There are 2 protein chains.
Amino acid sequence: MATSAEVARLAGVSRATVSRTLSGNARVSAETRRRVEAAAATLGYVPDVAAQSLSGGPSRTIAVGFFADDTWALSQLTKPKHYFYLNVLRSIEAGAAAAGYDLLLPARPPDPETSGSYVRGLRARRVAGTIMVACPPGDRRIQALLEAGLPSVFVDAVATGPCATWVASENREGAQAVTRHLIELGHRRIARITGTETDPSGGERLRGIRAALAAAAIPEDPGLYRRSDWSTEGAYHAANELLAARPDLTAVVAESDMMAIGVLRALHEHGLRVPEDVSVTGFDDIDLAAYALPSLTTVRQDTEAMGGGAVKALLECLDGGHAPAPVRLPTELVVRRSTAPPAR
Amino acid sequence: MATSAEVARLAGVSRATVSRTLSGNARVSAETRRRVEAAAATLGYVPDVAAQSLSGGPSRTIAVGFFADDTWALSQLTKPKHYFYLNVLRSIEAGAAAAGYDLLLPARPPDPETSGSYVRGLRARRVAGTIMVACPPGDRRIQALLEAGLPSVFVDAVATGPCATWVASENREGAQAVTRHLIELGHRRIARITGTETDPSGGERLRGIRAALAAAAIPEDPGLYRRSDWSTEGAYHAANELLAARPDLTAVVAESDMMAIGVLRALHEHGLRVPEDVSVTGFDDIDLAAYALPSLTTVRQDTEAMGGGAVKALLECLDGGHAPAPVRLPTELVVRRSTAPPAR
DNA sequence: CTGAAAGCGCTTACAG
DNA sequence: CTGAAAGCGCTTACAG
């Protein structure tokens, strides 16, 4: 690896001038610029990132945390049940790359007790900021992040501070819209399967479902409610329970597409047709929603805007020194083949 | 952030002693060790990674590249059609975390012409080594990596060097086994839909399919072959083409589960039942394979062993200075509900 | 516009 | 076993 000293020698200037020329934020004569850039190109010079950040330069690294089941690691993100967040991660990466940032996936021990050391680990790596996905509210690690003043953007979580803000979908409105869709089709006995309680978006969606039921004067029926864990398998079991307890249900609202896929299987095994016998809805509109049998009626989240908005907000924190206002992103009802008027 | 100087002051020793104590690879008196560790704990001291690597210490960072469609970025990995590799990434992360390594997802411009700068970017970040997933053979970026001597492990790709090795499944054997399964059920007109040509595992699987057909003396029939791109959508279209051109087919071998899901939809839309009218097989055994309707007969790849093996091989490169031998991992035929004897 | 100097926080021979 | 010193490669005031 060539160093700035070698580039300086070849260009006949000082190391300081090399640094100024390549960083772009200082005035350099046109002739000097030309010589330095030529020398850098010849030697294939790339500044050492460790040295750069050690001497006060920007680190150009964003840490991404994903946060579920009391663990804070990418391994969570790669779990099938969190498939949706992959699309968010993709747009985070695209946004970060466009701004010249690398992504760091910290491999710190996920012990909740060591929230302080987690944050210190991020500092030790000189990350510019963090994007934290799906943090349960009140988790002490959020506090540690806020106290440390590390610029942070929370996705699908709500936390604010001088250097912290959040981005999330209109979960309540989306769930309300899809439930209303079922009600308008004529459904009254609508079962719902939710994700984990600690997840804020799960709670928001449940409130949306309830609001739609209340608006139609359909009384609350706890027997039609099951809580699951966002997984296909968990929803499959929950649906089996519901079908055993309440064979009169005519529709199932699942709070994610992956859960809806589990519901479809449970209905299939009970010999029930979708949508003729039972309607099913999902949430997220992952790509597989269109390939489910039947294709899923669902609520689309704008993953581009979620990830891109998170990066944009973080860059604003970094540049401006303080966090922009939180963002709520609109959702969209997508009607496909898994919903129809009730027959029973 | 506390520095080693502050820890040294509090412990009443020199910075050198702090470094020696905490790095663990030097003799220190028990009393000194106790004082230094107490001081470090009190101050919440975490060594600055940039300074560490600048002064010759290990960087404790592994770069992960994913490589498809001529792009080299995580964004590829998060594409639905590469869903399978998520499980590999998960085991890479677990292995790296266990060894105390963070994962870096470099956000370099994915221009194939700049393979040199890609590698220099990794060096500039002082990554200890790289794990590259699904690189097409002969890509110049592989060459750049080998020439730079950066310790590298290739997953689902074949490249070796003094500091480079690879890990892959027994793709040929797996594809041969699932095709043989269909033949033993009585199928003769077996269509196959493969992934991209440049992908080595795609070619290996195709060879396995052909070997099984040849062993049963079933002549090669180009009309029953379509190449796709690993995506659900692409396989859906390929299956539609096959059904239009060759309505006499009785089975479809898809080279991935995600493609098989697209095939299931195409058959469904043609009013064909699976497995009564047509049998379908996948490859990978992703979690969704069991939740497809019907559940998929497929070939299981050991993602734990792939990711874990890649990390293990890389650590051996790092410690031993040269790469261990390549690894082929056994696959396993998983028979579910999407295959049956042909009726037509 | 450009150079000489100091410093970022750590580690590692070199002495003792 | 421990300390003083040099150095990793860069950037940024400070002079000119």
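Quick note on labels: first sequence line is chain A, next is B, and so on, each numbered from 1. Just so we're clear, the structure is a prediction, and the values are computed from it rather than from any experiment. Note: hydrogens, waters and symmetry copies are ignored here, and every other heavy atom, side chains too, is used.
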What's the [atom1]-[atom2] distance between [X] and [N], to the nearest Å?
X: B/Arg33; N: D/dC1; atom1: CZ; atom2: P; result: 10 Å
X: A/Arg126; N: C/dC8; atom1: CZ; atom2: C1'; result: 7 Å
X: A/Leu54; N: D/dT12; atom1: CG; atom2: P; result: 13 Å
X: B/Arg9; N: C/dG9; atom1: CZ; atom2: C1'; result: 13 Å
X: B/Arg34; N: D/dC1; atom1: CZ; atom2: P; result: 17 Å
X: B/Gln52; N: D/dG7; atom1: CD; atom2: P; result: 21 Å
X: A/Tyr45; N: D/dC10; atom1: OH; atom2: C1'; result: 7 Å
X: A/Arg60; N: D/dC10; atom1: CZ; atom2: C1'; result: 16 Å

Taking side chain as C-beta onward, heavy atoms only, is A/Val127 less than 4.5 Å from A/Leu150? yes
Counting C-beta onward and ignoring hydrogens, is there a side-chain heavy-atom pair between A/Leu314 and A/Tyr101 closer than 4.5 Å? no
Tell me, yes or no, whether the heavy-atom count around B/Glu304 atom CD, taken from other residues, nucleotides or ligands under 6.0 Å, exceeds 12.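 No, the 6.0 Å shell around CD holds no more than 12 heavy atoms from other groups.
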Under a 4.0 Å threshold between the charged nitrogen and the carboxylate oxygen, would B/Arg34 count as salt-bridged to B/Glu31? yes
Counting Watson-Crick and G-U wobble pairs with both distances under 3.5 Å, what is the dot-bracket string for DNA chain D, 5' to 3', using [ ] for crossing pairs and | for pairs to another strand? |||.||||||||.|||
Nearest-neighbour nucleotide for the B/Thr32 side chain, D/dC1, C/dC1, D/dG9 considered: D/dC1
Apply side chain to side chain contact (heavy atoms under 4.5 Å, CB included) to the pair B/Glu147 and B/Val119, showing each step before the final yes or no. CA-CA 10 Å; B/Glu147 282 164 16; B/Val119 173; over 6 Å; no
Drop me the distance from B/Arg125's CZ to A/Arg60's CZ, to the nearest 0.5 angstrom.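 Nearest 0.5 Å value for the CZ-CZ distance: 9.5 Å.
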For DNA chain C, which residues in residues 12-23 of chain A have a heavy atom at a distance below 4.0 Å?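 Correct list: A/Val13, A/Ser14, A/Ala16, A/Thr17, A/Arg20.
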